[in-house]
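Beneath this line is the structure, given in structure tokens, with notes to follow.
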Amino acid sequence: MDIQQNISIGVVEALKSLYDLEVELIDFQPTRKDFDGDLTLVVFPYLRSSRKGPEQTAVEIGEYLKEKLNEVEDFNVVKGFLNLVISDKPYVDFLSENSSVNNFGFVEVNENSTSTMVEYSSPNTNKPLHLGHIRNNLLGYSVAEIIKASGNKVYKTQIINDRGIHICKSMLAWEKFGEGATPESTGLKGDKLVGAYYVEFDRAYKVEVKELVNGGMEQKEAEKRAPLMLEAQQMLRSWEAKDAEVIKLWEMMNKWVYDGFEVTYNNLGVDFDKNYYESNTYLLGKEIIAKGIEKGVFFKKEDGSVWCDLTAEGLDEKIVLRSDGTAVYMTQDIGTAIERAIEFGVDEMIYTVGNEQDYHFKVLFLILDKLGYDWAKKLYHLSYGMVDLPSGKMKSREGTVVDADDLMVEMTDTARAISEELGKLEEYSEEKKAELYTEIGMGALKYFMLKVDPKKRMLFDPKESIDFNGNTGPFIQYTHARIKSILRKAGDVAKADYTALKLHDKEKELVKHLMNYPNVIQLAAKNYSPALIANYSYDLVKLYNSFYQNVSILKAEDEVVKSMRVDISAFTASVIASSMKLLGITVPERM
RNA sequence: GGCCUCGUAGCAUAACUGAAUAGUGCACUUGAUUACGGCUCAAGAGGUUACAAGUUUGAAUCUUGUCGAGGUCACCA
């Protein structure tokens, strides 16, 4: 039984008996360091019922609790704050009972668990992944892991945007300028190769537009009339008409991209239970649009384009099908959502997509709701802010885009440089060393990206992220490695019954924090926020380091105390490893 | 211009969703260690939480306005 819960019941009883007040939920906060105590109750909300001043009310509740509950050893009152001093006993008992529990803090999944689908990554197939995708992937993966740990059945998925005008541009450019180049012939990663032709298209297209403008045409008109653009559009129509040649080219080039993505995903350590392809879902989308017209959810304009009128909801009219009958983004997303709902019967879906698409998802959810799907209310857009660089915004035109693969290599290289300088790995084989450098480099990258609240725009400073001091992944990894070193030295310490011991302040703080891990998992799941897990881990590590510095573990006063401190250490190491795993980060035994 | 986000020490960020003197890291000052791994610990300095009103016993958090940054209003995705 949770200590807080026990005391919470006590407070409910106290309020009932003292002031005849019925309260359901009591909210405690940890007592601030500068005051004496462990848990704090804010009594302001109860003043109306007590009809007394805050101090007096707090004293009355405090006396009641001290008398009725063993755990409450003492209390003090500062203004309207009732600080409760909790005896060591429940904490020591907790430690003894949980320090070696597997998956401490995780809630088991069963048949009745809510099922959640988490979509993330969802790349276009015309260019390689960049820094922005990294934030997306790490976030989506981590949120999925956290929600799983909180007790939900989770399906990870992505929708691969494999069709549309963008891939046609790459295809067209390859056909015109590629001279049969392949990943094998060029030695380029498939996604990089296809991306290069997308850039090539853009270059050639701009030349055409410029020529037209020089010939006296308006800029906008020129952009529409440039031969390359018309050809690309024609290609898209041919694709939708299933033209054999076009399909063949499309399949070949997409395959290159998928092979490239697979490498990147592997290095990132993310995975998916199911991939969806827009080339499969856009047709369902079109069907739904047709039905939606009959239902009156959509309407057709004279030119044949189909729209949804959302002006009543304070939004605009939104196009859902082009006048030439081809699908737009919205068409596909409607189809994809419905297909998933049918296939997995999930209770809720989470879309990990950047905040520049806030409007799109607002509209999508609204349309699905109008179409009458009851699950439309359980859709959530996990919207995250852009990633800026110290030099400013990433802009493809200015070539300031940070490539995902390049960045990962760079992180690993830096980890190697720093580790070699410290030279603590002589006995490791080259292979093991390489593994470790990757582990540290990726730990640095992932922690840096995930410790920031997803909603917020963030600044990615490669230099700072790889700093092994302070609030970073490697710092946490280091603490873990050091604890492991102590545990190796401790060997098999006979487990003594230490439940009668009095705790050192540092020990008590640490145990209190460990005790809170299950709550943090729930809170992080509810808020879709890996940042809460990251901050929790960092606090844990700091508390441990302080404990480590203040008391001696292996040279403890006696065997009973030593046994307890070893337990605290082992427990801390396992919670560090567990919480890092929720962020997709592994922790080494040595580093 | 309409709508949506966001403004917290020099920089990067936190605050359990309304509670105590706004935490933490980097950078800066000072100190500890004959080591259970110094990639550590302890202490110091640094803030009118963009600004102005309002609600409240209590506001970084809620309301309104001003200023600033970004996003979005495509038959692009």
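Quick note on labels: first sequence line is chain A, next is B, and so on, each numbered from 1.
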Task: A:Phe365 and A:Tyr351 aromatic ring geometry - parallel, tilted or perpendicular at 30°/60° bounds - done: tilted

Open item on the list: Is it the case that the base of B:rA69 and the side chain of A:Asp388 share a donor-acceptor contact (distance under 3.5 Å, atom types as modelled)?
Closed with: no

Open item on the list: Counting distance alone, no hydrogens or angles: does the base of B:rA20 have a donor or acceptor under 3.5 Å from a partner atom on the side chain of A:Thr40?
Closed with: yes

For nucleotides 12-14 of chain B, list the nitrogen or oxygen atoms of the protein found under 3.5 Å from its nitrogen or oxygen atoms, one pair per line.
from	atom 1	to	atom 2	distance (Å)
B:rU13	OP1	A:Leu459	N	3.1
B:rA14	OP1	A:Asp453	N	2.8
B:rA14	OP2	A:Lys456	NZ	3.1

Tell me what [X] touches on the nucleic acid: a base, only sugar-phosphate, or nothing, going by heavy atoms under 4.0 Å.
| X | answer |
| --- | --- |
| A:Lys455 | nothing |
| A:Pro30 | base |
| A:Gln477 | nothing |
| A:Ser546 | sugar-phosphate |
| A:Phe35 | base |

Open item on the list: With a cut-off of less than 4.0 Å, is there a side-chain N or O of A:Arg32 near OP1 or OP2 of B:rA19?
Closed with: no

Open item on the list: Just N and O in the side chain of A:Lys362: are any of them under 4.0 Å from OP1 or OP2 of B:rG71?
Closed with: no

- [ ] Kindly express the pairing pattern of RNA chain B in dot-bracket notation, using | wherever a base pairs with another strand and counting only Watson-Crick or G-U pairs under 3.5 Å.
- [x] (((((((..((((.....[...)))).(((((.......))))).....(((((..]....))))))))))))....

TODO: Quick one: list whatever passes salt bridge (charged side-chain N to carboxylate O under 4.0 Å, His left out) with A:Glu60, sequence neighbours left out.
DONE: A:Lys52

Task: Close approaches to RNA chain B from residues 438-447 of chain A, in residue order (heavy atom, under 4.0 Å) - done: none

TODO: Using heavy atoms and a sub-4.0 Å distance, could you list which residues of residues 548-561 of chain A are near RNA chain B? By number, please.
DONE: A:Tyr548, A:Gln549, A:Val551, A:Ser552, A:Ile553, A:Leu554, A:Lys555

Open item on the list: On RNA chain B, compare the nucleotides closest to A:Arg322 and A:Lys506; which residue's is nearer the 5' end?
Closed with: A:Lys506

Open item on the list: So, using ring-ring contact (aromatic ring centres under 6.0 Å, His included) as the criterion, who are the partners of A:Tyr198 when residues are at least two apart?
Closed with: none

Open item on the list: In this structure, how many angstroms lie between the C1' atom of B:rA20 and the CG atom of A:Asp36, rounded?
Closed with: 15 Å

